[in-house]
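Worksheet for the structure shown next.
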Amino acid sequence: MRDRLGLALSGTGDDALVHFERGVSELQRFVGDPVGSANAAIAAEPDFVMAHVLKGWLYGLSTEREAMGVARECHATAAGLAATPREKAHVEALGRLANGHWHDAGRVLAELTIEYPRDALALQAGHQIDFFTGDARMLRDRVARALPAWSAAMPGYHAILGMQAFGFEEMGEYARAEALGREAVGLEPRDGWAQHAVAHVMEMQSRQSDGIAWMRANTDAWTKESFLQVHNWWHLALFHYDLGETEEVLALFDGPIYGARSTVALNMVDASAILWRLHLGGVDVGDRWASLAANWAPKATAGNYAFNDAHAMMAFVGTGLQVPASELLDVQREAIDRDDDNATFTRDVGHPVSLAIKAFGEGCYGETVRLLQPVRAIAHRFGGSHAQRDVIDLTLIEAALRSGDDALAVRLATERYHARPASPLSALFVERSAILAHG
């Protein structure tokens with residue numbers, strides 16, 4: 001059989017195909033229950049190789065250690081089924097990811113989409129891999145190579161535009177990013193990734209009022225049944241944070257960001273990230289750290305994705321929990337010795353950042369500066385976006401200010417001001433550094 005984009009599929013029938021295409025569409029919009037759709041496709045046709053692959057990607061891209069086990073099971077099942085060369089490439093890439101080789105998986109998918117540029121699932125999975133490995137250029141170019149093969153009449157075209165928008169944003173091409181992101185949302189208002197791409201543009205340009213208006217204009221569209229909604233609420237909170245509107249930030253944290261006390265790592269990353277920013281500013285967040293740290297504690301020994309580790313450390317420091325913080329560092333040291341990509345993520349960035357966060361919590365601000373300064377230029381190596389990794393710069397600037405190193409504090413504050421002159425936070429850093437320098 002062939003799907004709606006003309007791609008051949010092995011081991012499926014009409015009913016299973018409907019479930020599969022619904023799952024891909026849900027993934028493209030970050031809504032609904034794509035795992036349920038994949039399971040329904042498998043139940044209808046157990047030999048439907050791409051249904052197993054879809055389920056594997058959904059689990060493998062979650063960054064959860066337990067989910068990686070499911071991804072490996074999906075790979076093992078898919079590897080034993082009849083498949084076309086395109087499908088075999090998917091299976092190979094999934095196997096690479098499931099065994100911790102993110103970059104290899106991304107390369108296999110890149111080769112696949114050169115030959116099959118309309119493979120929406122390969123583009124989607126590859127784009128997420130580029131995000132989790134911090135590869136800004138491939139976030140842009142992977143989709144750019146395929147874009148000429150797409151048109152507005154094709155199902156899922158909005159997602160191609162949304163991914164391209166985010167790629168442009170991460171490469172600093174803000175006007176093109178915003179235009180494509182707005183076009184994607186116009187085609188499909190429930191495309192949470194495209195919504196978030198435009199929010200990224202406004203964050204990087206310090207357009208706080210525009211960002212608040214963009215996110216508030218149609219909240220139902222990007223929150224209804226969306227598994228990206230916490231991250232998008234986090235983006236709204238960032239705009240209020242930069243304006244110094246602490247009460248609004250805390251209200252968002254207590255409501256849609258962490259009111260449900262999610263145990264999903266990607267949601268907990270956002271919760272840690274917003275509380276740590278407030279912590280850096282000396283804001284009393286009450287007991288909010290406690291429940292978050294409790295949910296991070298079982299994941300502290302996962303050792304499978306360094307970006308998560310750093311955000312778990314924020315919660316442990318915020319709560320003053322020494323034991324899980326020490327356990328996390330021990331597991332990171334073990335992770336560095338493994339033969340997978342997370343060993344590099346951890347060695348180059350994750351471990352020094354986690355140590356720096358712990359040092360900050362202990363009041364060792366000079367040590368925080370020493371650890372973070374070499375990491376800034378290579379921080380993309382452990383994944384995330386420019387907006388997410390900005391917390392490293394924020395921590396470094398605050399540590400420099402508190403350490404009494406007036407020359408460094410002035411330099412860092414001035415640097416940030418020139419990068420984001422419209423940001424009230426940038427202006428505040430300049431003012432504080434000037435006071436420090438002049439007594």
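FYI, the numbering just counts along the sequence from 1.
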For the residue pair Asp309 and Ser354, confirm or rule out a side-chain donor-acceptor distance under 3.5 Å.
-> no
Donor-acceptor pair, side chain of [X] and main chain of [Y], under 3.5 angstrom:
X      : Y      : value
Thr219 : Arg216 : no
Arg29  : Glu188 : no
Arg277 : Ala273 : yes
His196 : Gly192 : no
Glu327 : Ala300 : no
His380 : Gly134 : no
Asp405 : Ala400 : no
Arg389 : Gly384 : yes
Gln164 : Arg140 : yes
Ser206 : Ala422 : no

Would you indicate whether [X], at its atom [atom1], is surrounded by more than 12 heavy atoms from other residues, nucleotides or ligands within a distance under 6.0 Å?
X      : atom1 : value
Arg338 : CZ    : yes
Arg333 : CZ    : yes
Phe131 : CZ    : yes

Please examine the side chains of [Y] and [X], heavy atoms only from C-beta on, and report whether any two atoms are closer than 4.5 Å.
X      : Y      : answer
Gln28  : Asp191 : no
Gln124 : Leu61  : no
Trp193 : Phe166 : yes
Val269 : Trp234 : no
Leu396 : Thr368 : no
Val285 : His279 : no
Trp57  : Gln128 : no
Ser62  : Leu266 : no

Quick one: do Val35 and Tyr59 satisfy side-chain contact (heavy atoms from CB on, under 4.5 Å)? Show the steps, please.
-> CA-CA 8 Å; Val35 171; Tyr59 277 90; 3.8 Å; yes
Nearest-0.5 Å distance that lies between atom [atom1] in [X] and atom [atom2] in [Y]:
X      : Y      : atom1 : atom2 : value
Tyr365 : Arg402 : OH    : CZ    : 4.5 Å
Thr263 : Lys299 : OG1   : NZ    : 5.5 Å
Met154 : Leu5   : CE    : CG    : 6.5 Å
His127 : Arg142 : NE2   : CZ    : 9.5 Å
Ile397 : Arg411 : CD1   : CZ    : 10.0 Å
Leu58  : Leu27  : CG    : CG    : 5.5 Å

Is a salt bridge present between [X] and [Y], judged by a nitrogen-to-oxygen distance below 4.0 Å?
X      : Y      : result
Arg288 : Asp254 : yes
Glu111 : Arg107 : no
Glu398 : Arg432 : yes
Arg416 : Asp390 : yes

Of all heavy-atom pairs between [X] and [Y], which one has the smallest distance, and what is that distance?
X      : Y      : value
Ala293 : Leu321 : CB-CD1, 3.8 Å
Ala98  : Met68  : CA-SD, 4.2 Å
Ile160 : Leu147 : CG2-CD1, 3.5 Å
Arg65  : Thr301 : NH1-O, 2.9 Å
Thr346 : Ala306 : OG1-CB, 3.5 Å
Ala237 : Val249 : O-CG2, 3.6 Å

Under the salt bridge (charged side-chain N to carboxylate O under 4.0 Å, His left out) criterion, do Lys224 and Asp220 qualify, and how do the steps go?
-> CA-CA 6 Å; Lys224 184 180 179 182; Asp220 287 345; over 6 Å; no
Could you walk me through whether Val198 and Arg182 pass the side-chain contact (heavy atoms from CB on, under 4.5 Å) check?
-> CA-CA 7 Å; Val198 177; Arg182 287 181 179 275; 4.3 Å; yes
Would you please indicate yes or no on a ring centroid separation below 6.0 angstrom for Trp296 and Trp289?
-> no
Are Trp214 and Phe239 near enough that their ring centres are under 6.0 Å apart?
-> no
side-chain contact (heavy atoms from CB on, under 4.5 Å) assessment of Asn218 paired with Val185 = CA-CA 11 Å; Asn218 188 6; Val185 171; over 6 Å; no
Pair Asp270-His231, side-chain hydrogen bond (donor to acceptor under 3.5 Å, both in side chains): steps then yes or no = CA-CA 6 Å; Asp270 291 330; His231 188 63; 3.1 Å; yes
Might you work through the side-chain hydrogen bond (donor to acceptor under 3.5 Å, both in side chains) test for Trp233 and Thr223, ending with a clear yes or no?
-> CA-CA 9 Å; Trp233 283 116; Thr223 60; 5.5 Å; no
Test salt bridge (charged side-chain N to carboxylate O under 4.0 Å, His left out) applied to Arg420 and Glu203, step by step | CA-CA 10 Å; Arg420 299 189 182 198; Glu203 165 67 18; 3.1 Å; yes
Worked verdict on Asp119 versus Arg86 for salt bridge (charged side-chain N to carboxylate O under 4.0 Å, His left out) = CA-CA 9 Å; Asp119 190 324; Arg86 179 186 68 85; 2.6 Å; yes
Stepwise side-chain contact (heavy atoms from CB on, under 4.5 Å) check, Trp222 with Leu228 = CA-CA 8 Å; Trp222 54 264; Leu228 193 64; over 6 Å; no
